Amino acid sequence: MTATYEPEQLSAWARRIEAGDSEAETELVQALGRGLEFLLRRWVQDPELAKDFYQETFHVVLKSLRRGALDDPTKVAAFVRGTAQNLVRSQWRKDQRRGVHDNVDEIPIEEPSGTPWEQATAAEDRRLVSRLLSEMPLERDRQILYRHYLAEESKEEICRRLDIDDSQFALVLFRARKRFKRLLEDAERKGDFRRWAKERAIR
Amino acid sequence: MMDCSEIERRNLIEEYLRHRLDDSIQAEFEDHLLVCGHCLAEVEAEERLRLGLQGLQARDELPTETIPQAAARRNTQAGSLALAWAASILLALAPVVWLYQRGEHLEQRLMLDRQQATVDAQNTARQVRTLEQELDDARAALDAARRRLSEAQAAEARPPETGIAELRRRLSLVTSPTVGLPVLHLSAVRSTDQRPAHRLTLSNAPEWVVVIVEPAGTDARYDLRWLTPNGNPLLTRKGLEPDAYGALTLSVYSPDLKTGVHRIIVTGRDSANDVPGPSQTLQLDVSRPDAAR
């Protein structure tokens, strides 16, 4: 599902919701839900917490749209993102006051340690990634992924080491990434990636 | 508003995942992710790859094959017989490998060439459009220049006209079928005290007209009074009374009239809408001998 929604479409939804059309509410949630789910998961790094924020965000957004509180209906996406961000920050501040966090302005990006089961599956996933990387048929693919993502070497350095032109860098990386993603997807289809599959099943 | 091509051009997905975007750009990018399934799918896939690889880095579980020395280490562990066997296989496969790599290389080059060709074609199309526009402009300018040249040549070919004769000819051209601009005729007269004066005759006179006389090349206007035969100022509606033939004869009389080039601006009135119609500007050289006769 890779639909793209224009501002006019969002604006139409906002107007219909204001007019009391509950079907428009469902359509809006379906349209923006997947993106919001991704953002929340990335911000809070906790699928359960992200699920709560997801519900709360749409609750606030739909309530506002029903009473026509949005000045510019074409900016529904920004409104949804801003609402979600405010809710997360607000929760973060509450936690901070309770002494849960030290820095009020930073949204956590570190992965939580998780339960023993989660830790075990994460370790298993890492082993799988390691295996998949080693199974890549082209040495250059392994090298460029390793140097770019892990060693974070500069583009110039990678080009020099791999003996490729500066203009080829993006293409070589793109192709290596594509091949690696294919391996990941194959592994996922076989049921090897339990944690990522579980994380994506947020709703 | 951000779009997919901008995201790709600025490599924003990678910058986003590396937390390198400014707050405002990040907000714009995330707004786009909310409404664009294509970019969202790209970011998700990229993030999975990144997290998977970085998870390895954090726990020293790097696959040995990613390290250049791994190949050497593997070789030392192999037996000499196996090495010899492998070497012969490698030798046999070398052309295949070479061809494979060569093919890969050529494929990459081909893709790059295609991308470059697409960009070149777009640039060329843009240049062609610009040149076509410039050519149209140049043609229009050339046509205008030709028109001006032919007008100048026609004017040069005409016998020279002076003073009242020329003005009369030009005034007779002042017509307007839509607003009833009058045809003007000018003749030189002498006033009763023998000072130079000019008589202006308006045939096909409309309901009323505005006539302004001012010296050319200055902003100041003469204090000229354009009077109707009965002595009323011309600029009043009441004073403008065409005769039975639709003609109006006016006299210019002023002790302040000086020699030199004067500009006469005649503006017709659209009697239906009571708004100013088109203007016609004419020049009168009072210093010419025939202008004072």
Side-chain angles (χ1 to χ4, degrees), chain A residues 1-7 9-10 31-32 34-36 38-39 42 74-78 80-82 85 109 111 122-123 125-136 138-140 142-143 145-147 149-152 161 165 167-168 170-172 175 177 180-181 184-185 193 196 200, chain B residues 1-4 8 11 14 16-19 23 26-68 70-71 100-101 104-105 107-113 115-116:
Chain A
M1 190 173 67
T2 55
T4 299
Y5 304 97
E6 298 298 325
Q9 170 79 65
L10 299 170
L32 305 188
R34 184 163 159 249
L36 179 64
F38 168 81
L39 293 181
R42 180 170 165 79
T74 61
K75 295 192 173 158
V76 170
V80 170
R81 195 249 317 141
Q85 214 162 37
I109 54 169
E111 196 175 351
D125 290 346
R126 286 194 301 275
R127 278 195 294 278
L128 178 65
V129 171
S130 171
R131 177 167 67 77
L132 294 178
L133 197 56
S134 68
E135 280 175 4
M136 296 193 79
L138 285 179
E139 173 65 16
R140 192 173 64 179
R142 291 196 294 272
Q143 285 287 328
L145 289 177
Y146 165 75
R147 295 187 187 285
Y149 287 105
L150 305 186
E152 294 202 343
R161 283 177 181 274
D165 292 342
S167 60
Q168 286 178 298
L171 183 64
V172 174
R175 293 169 70 89
R177 225 160 33 194
F180 189 78
K181 279 176 194 167
L184 276 178
E185 284 160 6
F193 259 1
W196 284 344
R200 278 201 306 284
Chain B
M1 193 173 174
M2 197 173 274
D3 59 25
C4 303
E8 191 179 344
N11 198 21
E14 187 162 343
Y16 175 69
L17 292 175
R18 289 190 176 199
H19 303 279
D23 287 349
Q26 177 166 327
E28 241 187 293
F29 178 80
E30 288 177 336
D31 289 348
H32 181 79
L33 287 188
L34 280 175
V35 297
C36 179
H38 170 73
C39 288
L40 180 62
E42 284 291 311
V43 174
E44 283 180 325
E46 184 77 23
E47 187 190 40
R48 284 175 54 198
L49 172 62
R50 186 175 293 277
L51 287 176
L53 290 170
Q54 288 176 344
L56 297 180
Q57 184 187 37
R59 293 161 182 84
D60 295 321
E61 293 173 14
L62 298 176
T64 52
E65 287 76 5
T66 63
I67 304 169
Y100 178 79
Q101 287 180 338
E104 183 87 1
H105 175 70
E107 199 181 344
Q108 287 171 2
R109 289 299 302 268
L110 184 61
M111 187 177 286
L112 283 172
D113 287 349
Q115 288 172 346
Q116 189 59 49

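Computed from a predicted model, the values in this text were never measured in an experiment. Just so it is clear: chains get the letters A, B, ... in the order the sequence lines come, proteins before strands, and each one is counted from 1.
- Rounded to the nearest 0.5 angstrom, A:Arg34 CZ and B:Glu44 CD are separated by 4.5 Å.
- Counting all heavy atoms, side chain and backbone alike, B:Gly37 lies closest to A:Thr4 at N-OG1, 4.1 Å.
- Using a 4.5 Å cut-off between heavy atoms, A:Leu36 contacts chain B through both its backbone and its side chain.
- Heavy atoms from other residues, nucleotides or ligands lying under 6.0 Å from CD of B:Glu14 number more than 12.
- Counting non-hydrogen atoms of other residues, nucleotides and ligands closer than 6.0 Å to CG of B:Asp23 gives a total of 12 or fewer.
- Looking at A:Ala31, only its backbone comes within 4.5 Å of chain B, counting heavy atoms on both sides.
- Contact of B:Tyr16 with chain A is made through backbone and side chain together, with heavy-atom distances under 4.5 Å.
- The side-chain heavy atoms of B:Leu17 and A:Arg42, taken from C-beta on, include a pair separated by under 4.5 Å.
- When all heavy atoms are compared, the tightest approach of B:Val35 to A:Ala77 is CG1-CB, 3.7 Å.
- Atom CG of A:Leu39 sits about 7.5 Å away from atom CG of B:Leu40, to the nearest 0.5 Å.
- Contacts between B:Glu46 and chain A at a heavy-atom distance below 4.5 Å involve backbone atoms as well as side-chain atoms.
- The residue among A:Arg81, A:Arg177, A:Arg161 with the most heavy atom pairs within less than 4.5 Å of chain B is A:Arg81.
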